[in-house]
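No experiment lies behind these values; they were computed from the predicted model shown. In what follows, every chain begins at residue 1, and chains take the letters A, B, ... in the order their sequences are listed.
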There are 2 protein chains.
Amino acid sequence: MHSEVVASRSADQRDSSRESRSGTPQLDAVSLAIIQQLQEDGRRPYAAIGKAVGLSEAAVRQRVQKLLDQGVMQIVAVTDPLTVGFRRQAMVGVNVEGDVESIADALTAMSEVEYVVMTAGSFDILAEIVCEDDDHLLDVINKRIRALPGVRSTESFVYLKLKKQTYMWGTR
Amino acid sequence: MHSEVVASRSADQRDSSRESRSGTPQLDAVSLAIIQQLQEDGRRPYAAIGKAVGLSEAAVRQRVQKLLDQGVMQIVAVTDPLTVGFRRQAMVGVNVEGDVESIADALTAMSEVEYVVMTAGSFDILAEIVCEDDDHLLDVINKRIRALPGVRSTESFVYLKLKKQTYMWGTR
DNA sequence: CGCCACGTCTGCGAAATCCGCAATCCCAGC
DNA sequence: GCTGGGATTGCGGATTTCGCAGACGTGGCG
């Protein structure tokens, strides 16, 4: 009933030969299993997680703390923006002349911008915007984003209906 | 030190005149403050939250449980896909002929698709895809998405660099 | 007005959980 | 074979969670 993870106890928690280029350590099967548990319920007690992954309560606690410290995961409350009073959302595609990264940084600094990613394709940057109403959205796009020096053009996609949003990376 | 929320105790926790059209109840200031606390740390103890928002431990516990039951928020672990072994991500814009929603549903059913939203603009649907490698990504886009009957065209934006991703709705 | 129903808040004791720490184990290097 | 570092375990003590009974405030109704 517990989908026990075997993983030959205390194998390679951090095998330095498997570091990704960004310096982020790879995760072993046990840590992955711990993350999965916490993706189902971020408040699940350490003892319960330990039983599921085959580790003691203290060991789970230690690994969770390390994962948090390393920034591999965070345990947070996520909400539906609509119920929290944000009624307009949009994805904005941005084309840039000159330094793309500095524009991306400028977008990152805006509190209405939830999500910024540099892409390959017909946009240089995609940014998701969360606003309270149409006026607010219009203001952010036309007055603030298009005003940035280096922004050549933008294209907006106003959200009509959010169909799916999961946080289950690795739970497949 | 605690940014106390006053809120004239036991005022309108759920004022039925302020229901949004979707039937989701509006949140009062105290619940919002609780959510903010949990957005900073999803495992923060109820007593600490209570001190911050001016409520007893039991009351906070009750409200959090209700927020979870109502689906207003969820407390989960979120990770950086890269560190969990997903090396390719892309946003895909989809154009549809016929029923948009049924295509959106089909995308929603795919485990590689993290995010599906119906939009106004030059795409009918935006979908975010999380894959293990290029082959996997290619397979999902060309074999699975473009094969859906009703999909007229797609345009892909492969992620080069994720600059920002927050879960702080309402914390502004 | 009195009364009741309903929802929320509080206080409190019992059970479960979290936390820190010292001891142990395991592997790699010398 | 010995040693060092990291991971794990076991264990009390402090803290937190949990369930529940009682209090409080509001609104409906005879």
Whole-Å gap separating P (C:dA16) and NZ (A:K51): 11 Å

For C:dC9, does OP1 or OP2 lie under 4.0 Å from any side-chain N or O of B:R63? yes

Could you state the atom-to-atom distance from CD of B:E57 to C1' of D:dC20 in whole Å? 13 Å

B:Y46 six-ring centre to A:R43 NZ/CZ under 6.0 Å and within 45° of normal: yes

Given atom CZ of A:R61 and atom P of D:dT15, what is their separation to the nearest angstrom? 15 Å

Measuring to OP1 and OP2 of D:dT17, would you say a side-chain N or O of A:R43 lies under 4.0 angstrom away? yes

I'd like to know if the side chain of A:S31 reaches the main chain of A:L27, judged simply by a donor and an acceptor atom lying under 3.5 Å from each other, with no hydrogens or angles considered. no

Separation of C:dT10 P from B:L55 CG (nearest whole Å): 5 Å

Gap between atoms CG and P, on A:L67 and D:dA7 respectively (whole Å): 11 Å

In whole Å, what is the span from the CZ atom of B:R44 to the P atom of D:dT17? 12 Å

Nearest to the side chain of A:P45 - D:dT9, C:dT10, C:dC18? C:dC18

Just to confirm, is there a sub-4.0 Å distance from OP1 or OP2 of C:dG7 to any side-chain nitrogen or oxygen of B:K66? no

If I take atom CG in residue B:D28 and atom P in nucleotide D:dG25, what distance separates them, rounded to the nearest angstrom? 18 Å

For the pair A:K164 (side chain) and B:V116 (backbone), establish whether a donor and an acceptor sit closer than 3.5 Å, ignoring hydrogens and angles. no

Between B:Y167 and A:E114, is the side chain to side chain donor-acceptor pair (under 3.5 Å) condition met? List the steps. CA-CA 8 Å; B:Y167 313 92; A:E114 273 288 319; over 6 Å; no

Relative to the 5' end of DNA chain C, which residue comes earlier, A:Q62 or A:Y46, by the nucleotide with the nearest heavy atom? A:Y46

